[in-house]
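Notes follow once the structure below has been shown.
Below, read A as the first sequence line, B as the second, and so on, with proteins coming before strands; counting in each chain starts at 1.
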Amino acid sequence: MTTNQALYQYCLRLGDTNLILGHRLSEMCSRGPMLEEDIALTNFALDHIGQAEALLQYAGKLEGKGRSEDDLSYLRNVEEFENFRLVEQPNTDFAYVIARQFLVDVYQCLLYQKMQKSTDETLAGMGSRFLKESTYHLRHTSGWMERLGLGTDESKRRIQQAISDLWQFTPEMLTAKSYEKELEAQGIIPDAEEIALDWLVQVVRVLSRSGLHKPQDVAVPPPISHSDHLVRMLAEMQYLQRTYPDARW
Amino acid sequence: MEKLHDFQRFIDAEEKIEPKDWMPDEYRAHNIRQISQHAHSEVIGMQPEGNWITRAPTLRAKKILLAKIQDEGGHGLYLYSAAETLGISRDEMIAQLHAGKAKYSSVFNYPTLNWADIGAIGWLVDGAAVTNQLSLRRTSYGPYSRAMLRICNEESFHQRQGYEIMLKMAKGTPEQKEMAQDALNRWWWPSLMMFGPHDNHSERSTKGMLWKIKRASNDELRQRFIDKTVPQAEFLGLTIPDPKLRWNEATGHYETSDINWEEFNQVIQGNGPCNKERMDHHKQVHAEGAWVREAAAAYAARQKEQLQEA
Amino acid sequence: MPGGEFYRRGAEAQKILTLRASYYPTLRASVPLWGKTYSPPRLRTSAVKKTYSPPRLSASAVKKLTMVTTLSGIEELVWERLSLIPDPEIPVISILELGIVRDVHYDGEMLEIVITPTYTGCPAMNLFVAEIKAAMHDQGFDNLKITTVYSPAWTTDLIPADAMERLKKYGIAPPVKGSDDPFAPPPAIPCPHCGSEHTSLVSQFGATACKSLYTCDDCKEPFEYFKHF
C-alpha cells in the first residue's frame, strides 16, 4: 500500500465515522428531552456532517479516481464503510446518545489536538478547525455525564448501563489499523497508542467525577463487523441517490 | 382609565412596551397567545422537515437542512424566552399546547412526501412566515419586535435555500420536475391559509391593530405574498394550482380563487392529515424526556446546596 | 504583448470602480436565481439604518485608485469590494470583518480568493462563496478560483472593534474571551440591550452554531451571544 492509499483509507475511517455519527444524531431531531438538547444535538450533527464532508473530499482527492464526497457517501456499499462500530449503535435512549457522544468526543478532541501537528498540511488544517468544535461538544457531553451520573437514581442507572453496553466498542476505535503504522512513523497521523492512553485517563476522570465506574474490559474483544443497523441507515441515507441515478440534486 | 389612556398614547407614538412597563391584562394575554403560538410553530415545524435530514440527497443539502432546523429550534427557544418576559413559564406554555389550548401553525399538519417538499416548505411556508414577520418587526411589544428583526434575516435565508432546491428540481430530470410540481400543488393552498381567515372585525383583531400588536391585516399580507410568489413560480416553470389565477392590471395584484375554508376549519379543529401525529410525537418525546429533566433539576438543586454550604 | 496587458489591467480596474460607485450590495443584486421579477425582503428599519453604514471609498481614494494598474493595486480593489459584502444573516457586519477572507492573489490572468470557514458545517459558507463569486463576476473577473483553507482556524478575535460595536447595537452580544479550560465557568456576558452583567445562559447552542441564547436578569430581554471561537 502506498502512502497515498493508506492515507485515503485513514481519511475514510475518520470521514465515515463522522458521517454515520452525524446520521445517528440527525435521527434525534425533534426527539430531545428538552428544546435545548434538540438544538445542541442538531448542532453536533451539523458539525459532524461538515467534518465528514471535508475528510471525504480529501479522501476522494487522495484516491485520484475523481470521486466526490457525495459519491463516497452515497454510492458505497456497507462493506466499504470504515466507520467506528461505536457510532452506528442506536439511540436507545438519551443516556446512550450522551454516552456514545462522550466516548467519541474525548477521542476526537485528543485526535484533532495531535493532528494539528501533522506533516500533512491539509490534515493539520482540519485538525485545528475541528478541534474547536469538538471542544464545545466535549464540554457539553461531559456536563451531561455528570448531571446524569449525579442526578437521580434512574438517571444514574441509565447512564451507567449505556456506558457499560457501549464499552465493548471502544477498543476498535482506539486500535490503529495495520496501514496506519507507516503513516504514524512519517508523522502524518497521530500515534494511536498515545491517544488510547490519554483517552482512558480522561474518560476515567469524568466517570469518577460523575459517580460512575469504568466497565470491565472485555478480555478478548469480539471479532468486529458492521451491525445490521448500518445496513438500514445506509438504505435510508442513500435512497434518493440510488433511486434516481440520473438526477442532480 | 388614566393608565390605559397613557398606554394608548404611548403606543400611538410608536413607542415600544417593555417587560417591566405597565400593560393591560388583555394586552399581556394577547401577546402571550401570539408569541407562544409562534414559538410552538417553530418547534412543531421541526418534525416534518426533520423527517428528511437522514434522506437528504447530498451532504451539502443535509447541512443546509440541519442548520435550518437548528435555526428553527433556536428561534422557538428565543420566542419562548420572549413570552416568558410576560410572566408565563415554558412549562405552562407546553402544557397549554398539549391541552389544545395553545395553537401552532396549521401548515405543519401536512405531510412531507418527497424531497421537493423540503424546497417547497422553505420557499412557500418560510416565505409566508417572513411576509408576516416583516410586518411584526414593528409590533409594539419590545422583546418580540427585536426578536423579529433578527429572525427575519435568518428566515429569508431559509426561503432562498428552499427556492434553490425548487430550482434544482424544476430544472432537473422529468421525475424531479414532477416532484417539484407535486410539492407546489400540495403546499400552495396551505401556505395561503397561513395568513388566517379573511379579515373580520372581531373585537380581538381590532384590539390587536389598535395596540399595534398586529401591523397589517391577514388579507393584505396574503396578497403581498401572492404577488411576489407567482412570478417566482413562473421563473421555475411550475404551475400554481389555481385555474382562476390571473393578473389584474387595474389593481396591480394577482387574483385567485377563494381558499377552501372547509378544509381550513377542519385542520384548525385538529382534523388535518397530521394533527394527531404531530401532537402525539411532541407529547411522547416530552414524556420520555421527563427522567432527563428530573435528573438535571436534581443535579442543579444539589449544586446550589453545595454552593450555599461552602 | 506588454502594452496590451497593461491596458487590459487598467480597464479591469476601471470596471471595478465603476461598479463600486453604483453599488451597494443587496442580496438581490448578486443572486441570479431569483430571476428579475422578485426582490426579496430587505431590512429597512430605522434600527439598522441607525447602526450600520456600509463602508465606502472616499472620492479622493476612488480617484487615486483609478490610476492603479499594478497587480497589487488590483488586489487592493478586490479587498475593497469584498468589504462591501454583508454577512447574509447578520447584515450589520461584512464578511471581511467576520474574517473569512484570508488572501487575494491576482496574477494578471486568474483571481484567487482564499477563504476559511467560520465553522466546518456552516451552511452560510455556500452563500458567502456565491456572494463573492457574483460580486467578482460583476467586476469582470471571470477566471476566478475560490480556495478553502482550514488553517489557521477561524477565530472571533480578529473581528474589529467597531464591528463588535455594531453587533451590540443590532442586539447581539459580541464575543467575550473566556478561559481556555473547557471546564471553567463561562465569562459574564453583558446584555446588549441595557448593559447589565446580570445575565443567565438559556442555551449554549442557539439558532446558529455561532450563537448562544441568554436572558437579562435586569431588563428581562432575551438576547443572542456571538460565541467566542
Any idea which of [options] has the most non-hydrogen atom pairs under 4.5 angstrom with chain B?
{"options": "A/Glu154, A/Arg158, A/Glu37", "value": "A/Arg158"}
{"options": "A/Ser155, A/Ser73, A/Pro33", "value": "A/Pro33"}
{"options": "A/Gln241, A/His23, A/Met34, A/Glu27", "value": "A/His23"}

With chain A, which of [options] has the greatest number of heavy-atom pairs at distances under 4.5 Å?
{"options": "B/Thr58, B/Val43, B/Asn51", "answer": "B/Thr58"}
{"options": "B/His282, B/Met179, B/His286", "answer": "B/Met179"}
{"options": "B/Glu49, B/Glu288, B/Arg302", "answer": "B/Arg302"}
{"options": "B/Lys62, B/Met46, B/Gln70", "answer": "B/Gln70"}
{"options": "B/Leu77, B/Ile69, B/Ile44", "answer": "B/Leu77"}
{"options": "B/Ala298, B/Gly73, B/Gly50, B/Pro57", "answer": "B/Pro57"}

Atom [atom1] of residue position [X] - does it have more than 12 heavy atoms of other residues, nucleotides or ligands inside 6.0 Å?
{"X": "B/Lys283", "atom1": "NZ", "value": "yes"}
{"X": "B/Lys171", "atom1": "NZ", "value": "yes"}
{"X": "B/Gln303", "atom1": "CD", "value": "yes"}
{"X": "A/Asp153", "atom1": "CG", "value": "no"}

Report the C-alpha separation of B/Val292 and A/Trp144 in whole Å, then their side-chain angles, then the decisive distance to 0.1 Å, and conclude whether the side chain to side chain contact (heavy atoms under 4.5 Å, CB included) test is met.
CA-CA 10 Å; B/Val292 181; A/Trp144 271 111; 3.5 Å; yes

Using a 4.5 Å cut-off on heavy atoms from C-beta on, say whether the side chain of [Y] contacts that of [X].
{"X": "A/Leu35", "Y": "B/Tyr80", "value": "yes"}
{"X": "B/Leu59", "Y": "A/Tyr74", "value": "yes"}
{"X": "A/Trp249", "Y": "B/Ile165", "value": "no"}

With chain B as the partner chain, list the residues of residues 90-101 of chain A whose heavy atoms fall under 4.5 Å from it, by residue number, and write 'none' if nothing qualifies.
A/Asp93, A/Phe94, A/Ala95

Are there residues of residues 40-62 of chain A whose heavy atoms fall under 4.5 Å of chain B's heavy atoms? If so, which?
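Hits under 4.5 Å: A/Thr42, A/Asn43, A/Ala45, A/Leu46, A/Ile49, A/Gly50, A/Glu53.
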
Please assess A/Glu69 against B/Arg60 for the test side chain to side chain contact (heavy atoms under 4.5 Å, CB included), listing each intermediate value before the final yes or no.
CA-CA 10 Å; A/Glu69 60 276 21; B/Arg60 179 169 176 261; over 6 Å; no

So which part of A/Arg31 gets closer than 4.5 Å to some heavy atom of chain B, the side chain, the backbone, both or neither?
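Both parts, backbone and side chain.
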
Honestly, the part of A/Glu146 sitting under 4.5 Å from a heavy atom of chain B is both

So which of A/Met233, A/Arg24, A/Glu236 actually passes side-chain contact (heavy atoms from CB on, under 4.5 Å) with B/Thr54?
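Only match with B/Thr54 under side-chain contact (heavy atoms from CB on, under 4.5 Å): A/Glu236.
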
Hey, could you give me the SG/CD distance between A/Cys29 and B/Glu72, rounded to the nearest 0.5 Å?
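These two atoms lie 9.0 Å from each other.
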
Working to the nearest 0.5 angstrom, can you tell me the gap between A/Thr152 OG1 and B/Arg293 CZ?
12.5 Å

Should B/Arg90 and A/Glu36 count as an ion pair when the cut-off is N to O under 4.0 Å?
yes

N/O donor-acceptor pair under 3.5 Å between A/Arg248 side chain and B/Thr173 backbone:
no

Kindly say whether B/Ala295 contributes a backbone atom to a donor-acceptor pair with the side chain of A/Arg147 at under 3.5 angstrom?
no

Part of B/Ala61 within contact of chain A (heavy atom distance under 4.5 Å):
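Neither part.
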
